[in-house]
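Below is one structure, written out as structure tokens; comments come after it.
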Amino acid sequence: MKNKKRHIKLMVLALLLSACSGEDSPQWDSSRQVITIAADIADAETRAGASGCIDYDVFTKEGFGVFAASNAVDFSSDWLSNEHMTYTPAGTEVLDPVHLHPANWSYGPQKLWPADQSISFFGYGPYVAAGDAGPGITAVDGTTADDPYVSYRVATDVSQAVDLLWGVRGATGLPWTQATAATTGGLVTLTFHHAMAAVGFHAQVMVDQDNNLSNPDDHTTTGLPGSASCKVTLKSITLSATGGGSFFKSGNLHLNNATAKGGTAYQPRWSDTSGTLNDFVLSGTALSATLRDPNPANAAAVGTFMNNDAVTGINETANTQRVISDNANGKEQCWMFIPKSAQDYCVKVEYYVTYKTGADSYQRLDYTGANAVVLNISDWQLKADTKYYLNLVFGLKTLDVTLDATDWAGTPVPVTVSIEHGTSAGESLAREIVR
């Protein structure tokens, strides 16, 4: 009886050992290569996962998700399903495009290249084990008979806005389909691009360009604002779709995009875009501390505000400033939108211009509430893999805006849209405050 029990134990052990030497183990067949997967980030700085622009260091800490399918017809993920790719830096490695070493990306258990069939690979970032209510990634699914997809919900609060990236085969802009060990050399590198359109704001004060001044080149004339004594502060900015348009609230990003790169733009494949969002508001702590109006309650407070350069407000001597506050890690924040065809928008800006009118007096121009400046933008298309900047240029009694775009990391270039003033406050709105 004792020998019989020992015999049964040996049989169970043998079965366990044979199960461990199956397809998941690279030692199962030494003649076949291990499938190696790596990432290349197209831009030196990207924005994914937690709010704020993240760099290579953060991307490698969060990792990315991979689906792989051996069925070349429906791409249901039977090979890898939302596999978490993680990165282990080599010592004091500097994380940049040159040093994202393929060998340092890993997943487990590893898979071997099949001897008689091809594999298709699809990737997204940042990795999430499962979706939640959002905003951001709300679900991931690799079981469909079409291809893996990621569900996404847009955030109206800029501090919660997150990017979504998807991986393609280099400069083609297309996914890695029907790859083999021979065609890849055993290594599949997913190049990640942004599936979203990002929108940010810049601000600058240029009093010299104010054509309402009697002598705009003379900052010494009594009663006119000097370049250093004229401060602009913001109460709020609202971006809205007009003419019956709206922003998408949610959608599904399919990782098997069928459209190749067009020009310099990469083409994500969105479906089931639905819901409507309209007003996106920046106010309070969402505004940069440099630009946020302190709302001085009385003349003495305004005097302190004007005489302390450490207090908020920018003047003509300041460089162009980012309007939206950085996140807790000091990274730039932007609104993130699902791409949409051209439609009309408007930007409403509530702000103050405060300046000295004499040694002991100040004047404040109040462009808030019903007196806010409204700028209408016609035929603006929100394109994927593109970061837009609305550039606000403040004068004493004017506000101009231009629109630039960049492929996230490049030099911004002007976008051709029609921008017109809707309403604006008049000079009569100014109130003089004597200290």
Side-chain angles (χ1 to χ4, degrees), residues 39-48 59 64-69 72 74-75 77 97 120-126 136-137 139-142 144-154 161-179 188-199 245 247-274 334-343 379-388 403-413 415-417:
D40 174 32
I41 307 172
D43 307 321
E45 185 174 67
T46 185
R47 173 191 172 87
F59 183 83
F64 62 95
V66 172
F67 296 90
D74 65 19
F75 297 119
S77 300
S120 298
F121 297 87
F122 310 94
Y124 76 94
I137 297 175
V140 290
D141 191 334
T144 62
D146 180 12
D147 59 317
Y149 69 87
V150 177
S151 297
Y152 183 94
R153 186 165 70 85
V154 173
V162 297
D163 192 16
L164 175 58
L165 286 75
W166 92 106
V168 297
R169 183 176 180 175
T172 67
L174 294 171
W176 277 94
T177 55
Q178 301 185 42
V188 173
T189 299
L190 293 163
T191 301
F192 283 88
H193 290 273
H194 303 269
M196 312 299 294
V199 175
F247 299 91
F248 288 128
K249 183 177 182 179
S250 61
N252 293 331
L253 174 68
H254 292 263
L255 304 181
N256 180 27
N257 59 294
T259 306
K261 185 180 76 168
T264 59
Y266 288 78
Q267 309 293 320
R269 178 185 162 205
W270 285 94
S271 75
D272 302 307
T273 48
S274 62
C334 295
W335 274 317
M336 291 289 166
F337 298 116
I338 295 173
K340 196 161 190 181
S341 56
Q343 61 179 16
D379 298 322
W380 180 12
Q381 180 181 0
L382 293 172
K383 296 181 180 180
D385 207 32
T386 306
K387 181 187 286 186
Y388 297 92
L403 179 64
D404 290 341
T406 173
D407 59 355
W408 225 274
T411 302
V413 296
V415 177
T416 303
V417 292

**Rounded distance (nearest 0.5 Å) linking atom NZ of K387 with atom OG1 of T406** = 7.5 Å
**Message:** I'd like to know if the side chain of D379 and the backbone of Q343 have a donor-acceptor N/O pair within less than 3.5 Å.
**Reply:** no
**Complete:** Looking only at heavy atoms, the pair that brings P175 and N256 closest together is CG-OD1, 3.2 Å
**Prompt:** Are the side chain of S120 and the backbone of Q178 linked by a donor-acceptor contact shorter than 3.5 Å?
**Reply:** yes
**Fill in**
Note: D147 and L255 closest approach over all heavy atoms is OD2-N, 3.4 Å
**Message:** Quick check: do W166 and F122 have side-chain heavy atoms less than 4.5 Å from each other?
**Reply:** no
**Shortest non-hydrogen separation from K340 to Q381 and the atoms involved** = O-CG, 3.4 Å
**Request:** Can you sort out the partners of F248 under ring pair (Phe, Tyr, Trp, His ring centres under 6.0 Å), two or more places apart, ordered by chain and number?
**Result:** none
**Request:** For residues A198 and C334, report the shortest heavy-atom separation together with the two atoms involved.
**Result:** CB-CB, 4.1 Å
**Asked** After noting the C-alpha distance and the side-chain angles of V199 and L382, does the key distance pass the side chain to side chain contact (heavy atoms under 4.5 Å, CB included) rule?
**Response** CA-CA 9 Å; V199 175; L382 293 172; 4.1 Å; yes
**Request:** Give the C-alpha distance, both sets of side-chain angles, the deciding distance and a yes or no for side chain to side chain contact (heavy atoms under 4.5 Å, CB included) between F64 and L190.
**Result:** CA-CA 10 Å; F64 62 95; L190 293 163; 3.9 Å; yes
**Asked** Can you check whether T189's main-chain N or O pairs, donor with acceptor, with W176's side chain at less than 3.5 Å?
**Response** yes
**Complete:** Interatomic distance, CG@D163 vs CG@D385, rounded to 0.5 Å, equals 9.0 Å
**Message:** Can you list everything that forms a ring pair (Phe, Tyr, Trp, His ring centres under 6.0 Å) with Y152? Sequence neighbours excluded, please.
**Reply:** none
**Item:** Nearest heavy-atom neighbours spanning A197 and K383
**Value:** CB-O, 3.1 Å
**Item:** Any W380 side-chain heavy atom under 4.5 Å of L403 side chain
**Value:** yes
**Asked** W270 and M196: side chain to side chain contact (heavy atoms under 4.5 Å, CB included), yes or no, with the steps?
**Response** CA-CA 10 Å; W270 285 94; M196 312 299 294; 3.6 Å; yes
**Prompt:** With under 30° as parallel and over 60° as perpendicular, where do the rings of H254 and Y149 fit, or are they tilted in between?
**Reply:** tilted
**Asked** Which atoms form the tightest heavy-atom contact between V140 and F67, and what is the distance?
**Response** CB-CZ, 4.3 Å
**Request:** Could you grab the distance from atom CG of L164 to atom OG of S151, nearest 0.5 Å is fine?
**Result:** 10.0 Å
**Item:** Test side-chain hydrogen bond (donor to acceptor under 3.5 Å, both in side chains) applied to T273 - qualifying residues, sequence neighbours left out
**Value:** none
